[in-house]
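Heads up: the structure comes next, in structure tokens.
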Amino acid sequence: MTTMLVKALGALLCSLVVTAEVMPQGDFDLQGMAGKWYLIGFATNAQWFINHRASMKMGTAILTPTANGNLEMSYASLNADGSCWRMSHLAEKTNVPGKFIFKSERWNNENDMRVVDARYNEYALIHTIKTKGGVSTVLNKLYARGTDLGPDLLEKFRQFSLDTGILPENIAILPKNDECPAA
């Protein structure tokens, strides 16, 4: 009983971590984000992730900058049964370079997304605050141009996730997966 109480209090404290100070990198380059990325790392305390973590695998994202500075995002992940899970969003630019907002029709939530750190030919660290019904959760994603990243970048992602209130057991480096065929 005490262990459950401690875990519940820990989760509550983590959910109260203020993430407003997480800013996009200063030299953000929208065109640098263009192209194909592999989702390597995923970290959140959201209950749906805790329930589905074991079945999650690496997927891909195609990011396409628009002429007016927004970012089209198309995600795909191959399911165990051979079908493909797909989702798309249009992230709208804000007055802060590297910060975007979008509403997910599928999940009915508001998203405040920031490109925190990127070496555009290698990796991108994305921090998103998802809000639904007045409750906010943090989602951190680590993307790479290939299916592997060095241990230093994986540790950077892990430490960033801890620093933004993610519990250690909710930080995942996703197993490799085959890709979905082009839609």
Side-chain angles (χ1 to χ4, degrees), residues 14-46 49 53 56-66 68-77 87-104 109-131 136-177 179:
C14 288
S15 70
L16 296 175
V17 172
V18 177
T19 57
E21 73 277 359
V22 175
M23 295 296 294
Q25 73 177 39
D27 59 347
F28 177 73
D29 175 14
L30 180 64
Q31 294 305 317
M33 294 299 296
K36 183 177 188 175
W37 294 89
Y38 293 88
L39 179 58
I40 303 282
F42 199 95
T44 182
N45 290 329
F49 174 69
R53 176 183 172 170
M56 289 183 67
K57 293 187 177 179
M58 191 179 293
T60 57
I62 304 295
L63 304 182
T64 308
T66 66
N68 59 356
N70 295 330
L71 191 60
E72 291 179 358
M73 305 180 299
S74 297
Y75 304 100
S77 183
M87 185 171 60
S88 295
H89 296 296
L90 177 63
E92 298 176 11
K93 70 178 181 178
T94 66
N95 60 351
V96 177
K99 180 178 175 183
F100 299 86
I101 56 171
F102 63 94
K103 180 174 173 99
S104 171
N109 60 20
E110 302 291 331
N111 295 267
D112 174 337
M113 181 181 88
R114 300 129 193 246
V115 179
V116 175
D117 188 23
R119 196 174 312 139
Y120 301 104
N121 63 346
E122 185 179 9
Y123 75 93
L125 177 57
I126 311 283
H127 174 77
T128 304
I129 303 166
K130 298 175 162 295
T131 304
S136 294
T137 56
V138 169
L139 169 61
N140 294 324
K141 293 181 178 179
L142 178 63
Y143 288 100
R145 290 295 187 180
T147 58
D148 293 297
L149 280 177
D152 55 331
L153 291 173
L154 298 178
E155 176 56 25
K156 182 178 193 172
F157 172 70
R158 190 189 74 76
Q159 189 58 57
F160 176 77
S161 294
L162 291 171
D163 292 346
T164 55
I166 308 297
L167 297 172
E169 62 269 24
N170 296 335
I171 302 169
I173 302 304
L174 300 174
K176 291 181 183 178
N177 193 14
E179 293 182 40

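Hydrogens, waters and symmetry mates are skipped; everything else that's a heavy atom, side chains included, is used. All values reported here derive from a predicted model rather than from experimental measurement.
Looking only at side-chain heavy atoms (C-beta outward), Leu139 and Ile126 stay at 4.5 Å or farther from each other. Within the 4.5 Å cutoff, no side-chain heavy atoms of Leu149 are placed close to those of Tyr38. Looking at Phe100 and Glu92, their side chains never come closer than 4.5 Å, going by heavy atoms from C-beta outward. Residues Glu72 and Thr66 form a side-chain contact, since some pair of their non-hydrogen atoms from C-beta on lies under 4.5 Å apart.
Checked by atom type and distance alone, the side chain of Asn70 pairs as donor or acceptor with a backbone atom of Lys93 at under 3.5 Å. Between the side chain of Thr94 and the main chain of Val96, a donor-acceptor pair closer than 3.5 Å is present. At least one donor-acceptor pair closer than 3.5 Å links the side chain of Gln25 to the backbone N or O of Ala118. Under a 3.5 Å cut-off, the side chain of Asn45 and the backbone N or O of Val138 do not form any donor-acceptor pair. Panel note: side chain Asn140, backbone Phe157; no donor-acceptor pair is recorded below 3.5 Å.
Note: Leu154 CG to Gln159 CD = 13.5 Å, rounded to the nearest 0.5 Å. Note: Leu162 CG to Glu155 CD = 8.0 Å, rounded to the nearest 0.5 Å. Rounding to the nearest 0.5 Å gives a distance of 13.5 Å between CZ of Phe42 and CE of Met58. In this structure, CG in Asp163 is found 11.0 Å from NE2 in His127, a value given to the nearest 0.5 Å. Considering OG1 of Thr60 and CG of Leu39, their distance stands at 9.0 Å, rounded to 0.5 Å. Atom-to-atom distance recorded for Leu153:CG and Leu142:CG is 7.0 Å, nearest 0.5 angstrom.
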Show the numbers, then the answer: is there a side chain to side chain contact (heavy atoms under 4.5 Å, CB included) between Asn170 and Thr44?
CA-CA 6 Å; Asn170 296 335; Thr44 182; over 6 Å; no
Run the side chain to side chain contact (heavy atoms under 4.5 Å, CB included) test on Phe160 and Val22 for me, step by step, so that the C-alpha distance in whole Å, both residues' side-chain angles and the decisive distance to 0.1 Å come before the verdict.
CA-CA 10 Å; Phe160 176 77; Val22 175; 3.9 Å; yes
Yes or no on side chain to side chain contact (heavy atoms under 4.5 Å, CB included) for His89 and Met113, after CA distance, side-chain angles and deciding distance?
CA-CA 12 Å; His89 296 296; Met113 181 181 88; over 6 Å; no
The test is side chain to side chain contact (heavy atoms under 4.5 Å, CB included); show your working for Tyr120 and Phe28 and say whether it passes.
CA-CA 10 Å; Tyr120 301 104; Phe28 177 73; 3.7 Å; yes
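Listed here is the closest heavy atom pair of Trp37 and Ala124: CZ3-N, 3.7 Å. A pairwise comparison of heavy atoms in Ile173 and Gly41 identifies CD1-CA, 4.3 Å as the closest pair. Shortest non-hydrogen contact noted between Ala34 and Pro65 is CB-CD, 3.6 Å. Among all heavy-atom pairs drawn from Thr147 and Ile40, the shortest one is O-CD1, 3.5 Å.
For Glu179, the salt bridge (charged side-chain N to carboxylate O under 4.0 Å, His left out) criterion is met by Lys36, not counting sequence neighbours. Residues meeting the salt bridge (charged side-chain N to carboxylate O under 4.0 Å, His left out) test with Lys141, sequence neighbours left out: none. Every residue was checked against the ring pair (Phe, Tyr, Trp, His ring centres under 6.0 Å) condition with Tyr143, not counting sequence neighbours, and none meets it. Checked against salt bridge (charged side-chain N to carboxylate O under 4.0 Å, His left out), Asp27 has no partners two or more places apart in sequence or in another chain. Evaluation of the side chain to side chain donor-acceptor pair (under 3.5 Å) rule for Arg119 yields Glu122 as partners, not counting sequence neighbours. Not counting sequence neighbours, the partners of Asp112 by the side chain to side chain contact (heavy atoms under 4.5 Å, CB included) test are Lys99, Arg114, Ile129.
Residue-environment remark: NZ (Lys57) stays at or below the threshold of 12 foreign heavy atoms within 6.0 Å.
Using modelled atom types, one finds a donor on one side chain and an acceptor on the other under 3.5 Å when comparing Tyr123 with Asp117.
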